[in-house]
Amino acid sequence: MLAFLLTLMLLLGIVIVLAYAERKVAAFMQDRLGPTEAGPYGSLQSVLDVLKLLQKEDIVPAAADKKLFKLAPILIFAAVFAGFAVIPFTPELIPASIGIGVFYLLAIISLDVVGLLMAGWGSNNKYAMLGAMRSVAQIVSYEIPAGLAILSVVMICQSLDFQEISYQQGILLNRFPGLEFEKNWLFGIEALGINTTNIGGITTWNIFRAPLLLVAFVIYFIASLAESNRAPFDIPEAESELVAGFHVEYSGFRFAVLFLAEYSMMVLVSLVAVILFLGSWNTPLPNLTTLKFADWTTGTIGSLSGILWGGFWLLSKTFVLLFLQLQIRWTYPRLRVDQLMHLCWKVLTPVALGVVLLAGIWRLLMV
Amino acid sequence: MEKSSVQHKTGFWEVVKSLLSGLLLTWRHFRNADKRRAPVPVMDDNYFKQPEGLVTLTYPYEAIPVPENGRYRLHNEIDDCIVCDLCAKICPVNCITIESVKATEEIGVTSDGTKKRLYAPVFDIDMAKCCYCGLCTTVCPTDCLTMTPVYDFAEVDIKNMIYHFTDLTPEQAEEKKQLLQKQQEEMAAAKAAALAARKQQ
Ligand code: SF4
Ligand code: SF4
């Protein structure tokens, strides 16, 4: 229960910061000022937006399928929020430490699709329906390259446990029960003879441990943009054609929940990308002979310093990825439906399959 | 232009290059977000020389100064007005309403030395009708009707768009009218007396 509340609080905090950042970043990239009135530099803008939404009337269209319509936002948010249950925030702190976290995460966020379809169908509105169909088609398609990219990580790490994958990517490797005698080698290849177990930092991140995973990371990142309906894959919410996509009929609190779910999804996919590819809560600074940067910026497990450093690195890396998502949104034009499917099925999926194959071979070189 | 000059770049690395250059562009704008365009007037030499920085003008707090010869809200300096009615006549939309009352004696002189002989109990300009052509300001013989740099004068009630420039209260106007009437009656009486006197001769 405590973990639930803490995660919810953290998530709300991040989403509010993100919603504000989105508007400011968008403004700055377009040479505008963005919000300036509410609070210093408009920083209270998103808080006030939430308060405004909560006060609004909750309108349920007369022709809507009321049960589906009312249930959908909660289901969508629950599906995304349940994904946070297996995210390790620090070396010690993980809401639910289960061995098949990666599998669980992929499964639970797929439920999102059901909620989207319910929202679109239940609204009884052609724009909502079209938006939901596009959304579902896109998410279902892009889960394949994303899943394959994640699979290649799982093959390299030989684990479905987020926490174990995290430990493998840093100097704390041997502190994880069951990994006491594991060793990290540069690029994962023992034959090179450079032991990076105690160097840590960026050299033990997954994209460094198996440089092949850099390709997997790019595939995952592109697919994750599509999964969270972000530009340039935002045809489900194409404002100019579909008004707002599947949530066009929602207002007040329900809209706030959908909004929250959308931003939570962005945060979640970025968190997963950081954990699987960019060294999770591990520091990016390596130990260099006498300069023990990695040790200094890791803290001790179990003490406050470990929690603070872990949380700091995880969140800062996540925010870098989130910033990249925002920047991409304000840089690239939207893809057409056929281009979207072309990219997914004819480019990303075959490449991801190749990466999975090569990851298997790499793993053979690693042992 | 020859067709061959348009080259379509294709291939993986070209695409990556163009994607990165797009990101670079937005990043450059993001980096320049600490700069702001200065709110200089269009007459300024630097007006077109500020390619960088945020362009938003936080309007009620800052505004670009308007050109000196700009045409905005009218103002009538009633002390200098000789109530010649020229402005009302030239106005293409008839938005100036003037009523005049002859003074019994000379009222005074305007700042450019013209004698004033008329009172204006009504001098209204309906700014909602005015098309800001500026004709009235050019015909005004004493230059008392001018354009001010004020352009932000929207009103909730459209009646408030009618600006009253007269300096007489209704009572004063009434008094002047009566004075004039009395003078005219006296003059008429004097005239009649003179006429009668001439007849008797
Ligand atoms: S500016 Fe033109 S329209 Fe306005 S009062 Fe003068 S003459 Fe009339
Ligand atoms: S033209 Fe000038 S002086 Fe004549 S009535 Fe108009 S404002 Fe007065």
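The shown structure was predicted, so the numbers you read here are calculated from the model rather than taken from an experiment. Below, read A as the first sequence line, B as the second, and so on, with proteins coming before strands; counting in each chain starts at 1.
Heavy atoms of B:Arg36 lying under 4.5 Å from chain A belong exclusively to its side chain. There is no contact between B:Leu25 and chain A, counting heavy-atom distances below 4.5 Å.
Taking a 6.0 Å sphere around OH of A:Tyr41, one finds it holds 12 or fewer heavy atoms contributed by other residues, nucleotides or ligands. Atom NZ of B:Lys182 sits in a sparse spot, with 12 or fewer heavy atoms from other residues, nucleotides or ligands closer than 6.0 Å. Annotation: B:Arg31, atom CZ; neighbour count of heavy atoms from other residues, nucleotides and ligands within 6.0 Å does not exceed 12. A 6.0 Å sphere centred on CG of B:Asp45 holds no more than 12 heavy atoms belonging to other residues, nucleotides or ligands. More than 12 heavy atoms of other residues, nucleotides or ligands sit less than 6.0 Å from atom CD of B:Glu185. Annotation for B:Met43: atom CE counts as buried by contact number, over 12 foreign heavy atoms lying within 6.0 Å.
In this structure, the separation between CG on A:Leu326 and CZ on B:Phe30 is 9.0 Å, given to the nearest 0.5 Å. Taken from CZ in A:Phe28 to OG1 in B:Thr56, the straight-line distance is 9.5 Å, to the nearest 0.5 Å.
The two residues B:Leu23 and A:Thr331 come nearest to each other via the heavy atoms N-CG2, 3.7 Å. A:Tyr332 and B:Leu20 get closest at one heavy-atom pair: OH-N, 4.3 Å.
Interface summary for chain B: among A:Gln30, A:Glu37, A:Met29, the most heavy-atom pairs under 4.5 angstrom belong to A:Met29.
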